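Below, chains carry the letters A, B, ... as their sequence lines are ordered, and counting in each starts from 1. Nothing here was measured: the structure is a model prediction, and the numbers come from that model.
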2 protein chains.
Amino acid sequence: MSHAAPAHHFGDKSGLLTVVAAEGYTLFADALAAAGDDLLEMGSAYVRFAVEHRGYFGVMFRPELYHADDSEVSAARERANMVLAKGATTVPVDASRARDAQLAAWSIVHGFAALWLSGALPADLGDDPVAAARPVLRVLVR
Amino acid sequence: MSHAAPAHHFGDKSGLLTVVAAEGYTLFADALAAAGDDLLEMGSAYVRFAVEHRGYFGVMFRPELYHADDSEVSAARERANMVLAKGATTVPVDASRARDAQLAAWSIVHGFAALWLSGALPADLGDDPVAAARPVLRVLVR
DNA sequence: CCCCAAATCTTGTCAGTGACAAGTTAGTGT
DNA sequence: ACACTAACTTGTCACTGACAAGATTTGGGG
């Protein structure tokens, strides 16, 4: 295969990364769905996916690299977001703050994953990101 | 000035970005220090910095782009981390979990900022990131 | 079975990026 | 005034992403 062959299938670099993002979000939604509704389990799955598929994860959250409005990307992302929303039900707040709780859950989980991937977290957390994440996520649950 | 002139001062691209990261972390530490020890205020300053200096922020948390062990970068990052640690004291947990609380505070604040910058958050949060962040951070404080 | 159109691939080239090299100019110290 | 260092300039190279022109393969219809 030659250097220009992929262009026929994907159009250009952003077209290729659109497929990568769609695929990534699909695998991501599957991983989160398999984890169940508990924040600790869903959060663990989130961190595990981010670390084990850092190539996908790195593209997924950089929409300037791809066509974020692509129908397959949108569908897969919606599905992941729905699973994420369900995982926040274990955060103990009154019903009026359910949305805030969902965003808090997403933020803490995504934040931990992003900080781990960028190497910003203290080295003494060890080398198991999921084990390191669990007590941190538990602070939100109590 | 010609295309090769900066090379004399910075060495190469990663050298230039090392200076950008050091400068960014210094401004960042200043912004967080000015916000005080309350998680909501410190968190608001974190989100505000990330959004208003997205160029700096984008480089700071991608250590593969620069010399992360550069002494000026390390010093500025240590200073920012110390300020961050103090900002977590308003998370209500027993003393044995203080470290987890610090990491939870950092994760939720960084996660919200990162999600905002990548455009992943729901559009109905409006266009004021700090106003959108505060009720989310409050979930961690109670 | 043949022909045509579409799909896919190949080769070549271009502009831009990041780096390196060689030489020139400016600044500083003795 | 001279010599050395710092800073800059110009040129070139390899690589990347894109585009173009043509060749080859595949599939469908007559």
Side-chain angles (χ1 to χ4, degrees), chain A residues 1-29 49-78 80 110 113-121, chain B residues 1-29 49-78 80 110 113-121:
Chain A
M1 178 182 280
S2 64
H3 60 276
H8 176 74
H9 298 278
F10 301 105
D12 56 8
K13 178 182 174 182
S14 66
L16 173 66
L17 293 178
T18 300
V19 174
V20 170
E23 196 165 294
Y25 269 115
T26 298
L27 295 169
F28 188 47
F49 182 91
V51 171
E52 291 178 359
H53 301 284
R54 63 186 299 158
Y56 279 120
F57 199 75
V59 171
M60 284 155 66
F61 288 95
R62 292 180 64 197
E64 72 276 7
L65 295 177
Y66 58 90
H67 306 128
D69 54 354
D70 175 83
S71 61
E72 289 193 48
V73 172
S74 296
R77 187 173 51 229
E78 291 302 307
H110 185 83
L115 290 168
W116 184 278
L117 288 174
S118 75
L121 293 170
Chain B
M1 177 179 282
S2 65
H3 62 274
H8 176 74
H9 298 278
F10 302 106
D12 56 9
K13 178 183 175 181
S14 66
L16 172 65
L17 294 179
T18 302
V19 174
V20 169
E23 194 166 294
Y25 269 114
T26 298
L27 294 170
F28 187 47
F49 182 92
V51 171
E52 292 179 357
H53 301 285
R54 64 184 299 157
Y56 279 119
F57 200 74
V59 171
M60 283 154 66
F61 288 94
R62 293 181 65 196
E64 72 278 7
L65 295 178
Y66 57 90
H67 306 129
D69 55 355
D70 174 83
S71 60
E72 287 193 47
V73 171
S74 296
R77 187 174 52 230
E78 290 302 307
H110 185 83
L115 289 168
W116 185 277
L117 288 174
S118 75
L121 293 170

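In this structure, B:F57 has its ring center no closer than 6.0 Å to that of B:H53.
Here the range on DNA chain C touched by chain A, meaning any atom under 4.0 Å from one of its heavy atoms, is C:dA7 to C:dT13.
Between A:A4 and A:H8, the residue anchored nearer the 5' end of DNA chain C, judged by the nucleotide with its closest heavy atom, is A:H8.
Side-chain contact between B:S118 and A:R62 is absent, with no heavy-atom pair separated by less than 4.5 Å. Taking the side chain as every heavy atom from C-beta outward, B:F10 and B:V19 approach each other to under 4.5 Å. With contacts defined as side-chain heavy-atom distances shorter than 4.5 Å, the pair A:Y56/A:L27 qualifies. In this structure, the side chains of A:M60 and A:F49 come closer than 4.5 Å at one or more pairs of heavy atoms. Taking 4.5 Å as the limit, every side-chain heavy atom of B:Y25 sits out of range of all side-chain heavy atoms of B:E78.
Look at CZ on B:F10: it is 10 Å from P on D:dC8, rounded to the nearest Å. One interatomic measurement links the two molecules: NE2 of A:H3 to P of D:dA18, which rounds to 12 Å at whole-angstrom precision. Rounded to an integer number of Å, the gap from B:K13 NZ to D:dT16 C1' is 12 Å.
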